[in-house]
Amino acid sequence: MSSEVAARSDAKKLVRSPSGLRMVPEHRAFGSPFGLEEPQWVPDKECARCMQCDTKFDFLTRKHHCRRCGKCFCDKCCSQKVALPRMCFVDPVRQCGPCALVSHKEAEFYDKQLRVLLGGATFLVTFGNSEKSETMVCRLSNNQRYLLLDGDSRHEIDFAHISTVQILTEGFPPGEKDSHTYTSLLGSQPTSEGGNARATGMSLQYTVPGAEGVNQLKLTAGEDAHASRRQATAWLVAMHKAAKLLYESRDQ
């Protein structure tokens, strides 16, 4: 990606919506793949009662719209103001109880795991069916759109074009040898049946615009240093959360 394109992709602008101030990309095409679109608000005329507690709205009981789901609530059911980075809001915004709970859980990704992904980690990378692996640093680009792999060669994968993410786990069932299991990252938290599990690698399938077929690569955490292995494991755990957010963004 050229420096000119990179500069355009990182450019942002401040916009005001009915829900609040948002810092959004200058060009829609450069938005984060984890982002969510602002919902359409339920029209006031279609909402005579709170959509959670059924309290009737009147002069004293005002209507409030949740900025995440767009539904209409009374103040009691929609009083929390919570950060919502997936919609690029500058300040915390009003949300209903269920939506606020989800946003609080997502905050861990933006506060912790996103930093891990941006920082990167070292893996042995295998492309396609090749028998050769290359030591590469894998990280998420600053605009969150690309997976960057740097080694003797350099590759970038559009995060939005990743179709399948699987994690390789190493389990320790009591009294048995280590087992290796692939578990889809778009499903539940990776585990190994019968005992604890440790993430050791990842398999990705992705497409390239203008090219036919599906490409595949595998990332494997190295065994050379404890600190490096720990960093790689943390990166894989962060990628697990990122894959789930990506799936939710596509499914909205």
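These numbers come from a predicted model, not from an experiment. Residue numbers run from 1 in the order of the sequence given.
Taking all atoms of both residues into account, the shortest heavy-atom contact from A232 to T122 is CB-O, 4.0 Å. In terms of heavy-atom proximity, T55 sits nearest to C53 at OG1-SG, 2.9 Å. The minimum heavy-atom distance linking A121 with W235 is given by the pair CB-CB, 3.8 Å.
Ring pair Y206/F159: centre-to-centre distance not below 6.0 Å. Between F34 and F109, the ring center distance clears the sub-6.0 Å criterion.
Within the model, atoms OG1 of T135 and CG of D150 stand 13.0 Å from one another, a figure rounded to the nearest 0.5 Å. Summarising the geometry, atom NZ belonging to K12 is positioned 10.0 Å from atom CD belonging to E26; distances are rounded to the nearest 0.5 Å. Here W41 contributes atom CH2 and H64 contributes atom NE2; the two are 10.5 Å apart, rounded to the nearest 0.5 Å. The distance from atom CG of L168 to atom CG of L219, rounded to the nearest 0.5 Å, is 10.5 Å. Within the model, atoms SG of C66 and CZ of F73 stand 6.0 Å from one another, a figure rounded to the nearest 0.5 Å. For the atom pair L117 CG and L147 CG, the distance stands at 8.5 Å (nearest 0.5 Å).
Cluster annotation: V165 and L118 are assigned to the same hydrophobic cluster (Ile/Leu/Val/Met/Phe/Trp/Tyr, side-chain heavy-atom contacts under 4.5 Å, transitive). Under the 4.5 Å side-chain contact rule for hydrophobic residues, I162 and V116 share a cluster. One hydrophobic cluster holds both M239 and M136 under the rule that ILVMFWY side chains link at heavy-atom gaps under 4.5 Å. L21 and F89 fall into different hydrophobic clusters, where Ile, Leu, Val, Met, Phe, Trp and Tyr side chains are chained together by heavy-atom contacts under 4.5 Å. Under the 4.5 Å side-chain heavy-atom criterion for Ile, Leu, Val, Met, Phe, Trp and Tyr, V208 and I157 are members of the same hydrophobic cluster.
Inter-residue side-chain proximity for L114 and L140 is flagged as met; some heavy-atom pair is nearer than 4.5 Å. Put simply, the side chain of C50 does not reach to within 4.5 Å of the side chain of C72, judged on heavy atoms. Contact of the T220 side chain with the T200 side chain is not registered, since no non-hydrogen atoms from C-beta on lie closer than 4.5 Å. Contact check for N215 versus T207: no side-chain heavy atoms found under the 4.5 Å cut-off. Here the side chains of C47 and K71 are not in contact, with every heavy-atom distance at 4.5 Å or above. Between V82 and P92 the shortest side-chain heavy-atom distance does not fall below 4.5 Å.
Checking side-chain atoms of R94 against main-chain N and O of C78 turns up a donor-acceptor pair under 3.5 Å. Between the side chain of Q52 and the backbone N or O of G97 there is no donor-acceptor pair closer than 3.5 Å. Checked by atom type and distance alone, the side chain of R145 never pairs as donor or acceptor with a backbone atom of S141 at under 3.5 Å. Panel note: side chain Q216, backbone L204; no donor-acceptor pair is recorded below 3.5 Å. Panel note: side chain H161, backbone P209; no donor-acceptor pair is recorded below 3.5 Å. Between the side chain of R67 and the main chain of H65, a donor-acceptor pair closer than 3.5 Å is present.
Applying the side chain to side chain donor-acceptor pair (under 3.5 Å) rule to S130 yields no partners; only residues at least two apart in sequence or on another chain are considered. Residues passing the ring-ring contact (aromatic ring centres under 6.0 Å, His included) test with F127, sequence neighbours excluded: H155.
Side-chain contact of S133 with T126: a donor-acceptor pair under 3.5 Å is present, judged by distance alone.
Other residues, nucleotides and ligands contribute over 12 non-hydrogen atoms within 6.0 Å of the NZ atom of K241.
Sorted by first and then second residue, the pairs that involve residues 13-22 and meet salt bridge (charged side-chain N to carboxylate O under 4.0 Å, His left out), not counting sequence neighbours, are R22-E38. For residues 98-109, the set of pairs meeting the side-chain hydrogen bond (donor to acceptor under 3.5 Å, both in side chains) definition, not counting sequence neighbours, comprises R68-S103, R68-E106, R86-E106, Q95-S103. The salt bridge (charged side-chain N to carboxylate O under 4.0 Å, His left out) analysis of residues 52-65, with sequence neighbours excluded, yields no pairs.
Hydrophobic cluster membership of L60, counting Ile, Leu, Val, Met, Phe, Trp and Tyr whose side-chain heavy atoms lie under 4.5 Å apart directly or via other members: F59.
For the pair R154 and E156, the salt-bridge criterion is met [side-chain N within less than 4.0 Å of a carboxylate O].
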Quick one, S19 with V93, criterion side chain to side chain contact (heavy atoms under 4.5 Å, CB included). Give me CA distance, side-chain angles, the key distance, then yes/no.
CA-CA 8 Å; S19 299; V93 291; 5.6 Å; no
